[in-house]
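Taking it in order: structure first as structure tokens, then the write-up.
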2 protein chains.
Amino acid sequence: MPTKARKLRPGGETPRRTTVHGKLDDGGTRQRLVDATAQIMHDEGYAAATSRRVAAKAGVKQALVYYYFPTMDDLFLAVLRSGAETALEQLRKALTEDDPLRALWRLNCDPRQTVMSTELMALANHRKAIGAELRNFAERVRDIETAAVTMSLRSYGVDLEAYPPVVIAMLVAQLARSVSNESAVGLTRGHEELRQFVEAQFAMLSR
Amino acid sequence: MPTKARKLRPGGETPRRTTVHGKLDDGGTRQRLVDATAQIMHDEGYAAATSRRVAAKAGVKQALVYYYFPTMDDLFLAVLRSGAETALEQLRKALTEDDPLRALWRLNCDPRQTVMSTELMALANHRKAIGAELRNFAERVRDIETAAVTMSLRSYGVDLEAYPPVVIAMLVAQLARSVSNESAVGLTRGHEELRQFVEAQFAMLSR
DNA sequence: GTCTATACTGCGATAGAC
DNA sequence: GTCTATCGCAGTATAGAC
């Protein structure tokens, strides 16, 4: 008797309605809808982010979703843009630290971000508009990362022809993401070795 | 709005035979359902792989899906297992080539596989059973890759303490996948530089 | 093994009151 | 700006005939 029909019910957690002037308005309805969508996407996948589920989590009625977003795709796009702004700000801030390479590694290890990223990647593979926006975002990220890595490598006296900054940036960021992605499903084989290897390379630079 | 044309080119190499009743039995209904699901997942994402769509693509009626698979999750699991078997076979074959490292790179550049992999990863992040199966598969892959890389590095006289094979295997495979993933959404910035860099490292080994 | 038929739930989206 | 109400359709899944 295998369990069938595992319909998931909304968690039941009610939104924090910080009643300021008798109205429930913590950050604006539009942003609450975006946040609710992002959380559902992270927790259960984009397919679970329906207008009804999103509205319930944001504490409004379903039809209101369509007042702010003509279609669900527009809502997904807003989630991407909102997340992108936050991520870019985080990135710029972190890369001004004394060690951009280690910061780059650390940032891309954030499991919350990699799970969300996987979800958006899957979405982007099948929705043209989202693919275009994700690409645009990723290019901006790469440029910022490359600039920071360039300065870092130069300060270490590394030959930038032999070790192009854009390559090092991709290497560090993408490997960190891979590790995080794998960890998300419980796969850790080789992770510790990779971490030590990367750290050893970092250490070699400041030798 | 896809036409109702029957799909007669499943990815698999299952022998096609006609039964006494004159019906085309290319690999069996079960496998056709799995193949149809895989194709829909690849083309439109897992959310589009519904029992109705799958049945239509496989040329059977919707209810028959539930004769072979108690729930849609079981069908997804079958897709994963089927793909995993194929991938493992491909992997073992490719890694017996004269140059396992380049083979590893090439294999993980296959866009078809990376798109599907993203889809399964997203699914795995939210469905326990799929996560467990994906992890199991990934571990087997990593072991095979590591063994091949070990032999390769040893033949090049590389210091296996300084360059642990499992690390090199992850590095090559995951970077190739990253490039492929990005290409899928039209992002190519830094790709050519990375390719050249990786090739240069490979060339240095056989120096 | 495959079909028809159906139960029930949830979906995206719209109309129109307040 | 938010709501109620509703349309039409697609989703998973089951029952039972052949």
Side-chain angles (χ1 to χ4, degrees), chain A residues 1-11 15 17 19-34 36-37 40-41 44-79 123 126-127 129-130, chain B residues 1-2 4 6 17-34 36-37 40-41 44-79 123 126-127 129:
Chain A
M1 322 299 136
T3 314
K4 300 173 186 178
R6 62 197 61 151
K7 268 298 171 198
L8 289 168
R9 293 244 139 240
R17 13 189 108 186
T19 327
V20 190
H21 298 114
K23 306 174 79 177
L24 53 150
D25 193 55
D26 48 313
T29 300
R30 195 194 137 98
Q31 189 57 42
R32 287 222 317 287
L33 286 171
V34 170
T37 307
I40 293 175
M41 286 176 72
E44 306 177 50
Y46 66 83
T50 68
S51 59
R52 283 172 165 83
R53 299 278 314 271
V54 165
K57 188 161 288 246
V60 296
K61 296 299 174 180
Q62 182 248 356
L64 195 57
V65 173
Y66 293 93
Y67 171 79
Y68 287 99
F69 305 98
T71 72
M72 287 303 289
D73 261 29
D74 293 305
L75 176 51
F76 288 137
L77 218 42
V79 168
L123 214 39
H126 310 295
R127 323 272 256 249
I130 294 176
Chain B
M1 54 202 75
K4 227 190 148 201
R6 303 190 58 191
R17 51 206 168 85
T18 50
T19 66
V20 277
H21 299 81
K23 290 206 77 173
L24 196 53
D25 185 19
D26 47 330
T29 300
R30 195 193 137 97
Q31 188 58 42
R32 286 220 318 287
L33 287 172
V34 170
T37 307
I40 293 175
M41 286 175 73
E44 306 177 51
Y46 67 83
T50 68
S51 59
R52 282 175 162 84
R53 300 278 314 271
V54 165
K57 189 163 289 250
V60 297
K61 297 298 173 181
Q62 182 250 355
L64 195 58
V65 172
Y66 294 94
Y67 171 80
Y68 286 99
F69 305 97
T71 72
M72 287 303 289
D73 262 28
D74 293 304
L75 176 50
F76 289 137
L77 219 42
V79 168
L123 216 39
H126 311 294
R127 320 250 186 147

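Protein chains get the first letters and strands the later ones, always in sequence-line order, with residue 1 at the start of each. This one's a predicted model, so the numbers in the text were calculated from it and none came from an experiment.
- Taking atom CZ of B:R53 as the reference point, atom C1' of D:dC9 lies 14 Å away to the nearest angstrom.
- Contacts of B:A48 classified as side-chain contact (heavy atoms from CB on, under 4.5 Å), with partners at least two apart in sequence or in another chain: B:I40, B:E44, B:R53.
- Using cut-offs of 30° and 60° for the angle between ring planes, the B:Y46 and A:Y46 rings count as tilted.
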(request) Encode nucleotides 12-18 of chain C as B, S and - characters from 5' to 3', where the letter depends on protein heavy atoms closer than 4.0 Å: B to the base, S only to sugar-phosphate, - to neither. (result) BBB----
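- Rounded to an integer number of Å, the gap from CG of B:D74 to C1' of D:dA13 is 13 Å.
- Rounded to an integer number of Å, the gap from CD of A:E44 to P of C:dG10 is 14 Å.
- Counting to the nearest Å, the P atom of D:dC3 and the CG atom of A:L64 are 6 Å from each other.
- Taking atom NZ on B:K61 and atom C1' on C:dT2, their separation rounds to 10 Å, with Å as the unit.
- For the pair B:L33 CG and D:dA13 P, the interatomic distance rounds to 14 Å; values are reported in whole Å.
- Atom CZ in B:R30 sits roughly 17 Å away from atom C1' in C:dT2 (whole-Å rounding).
- Here the CZ-CG distance, from A:R30 to A:L75, works out to 8.5 Å after rounding to the nearest 0.5 Å.
- For the OP1/OP2 pair of D:dC3 and a distance below 4.0 Å, the side-chain nitrogens and oxygens of A:Y67 include no atom meeting the criterion.
- If you take CE on B:M72 and CG on B:L77, they are separated by 12.5 Å, rounding to the nearest 0.5 Å.
- Taken to the nearest 0.5 Å, the OH atom of B:Y66 stands 8.0 Å off from the OG1 atom of B:T71.
- Within the 3.5 Å criterion, the main-chain N or O of A:Q62 finds no donor-acceptor partner in the side chain of A:R52.
- Using a 4.0 Å heavy-atom criterion, one finds that B:V60 contacts the sugar-phosphate atoms exclusively.
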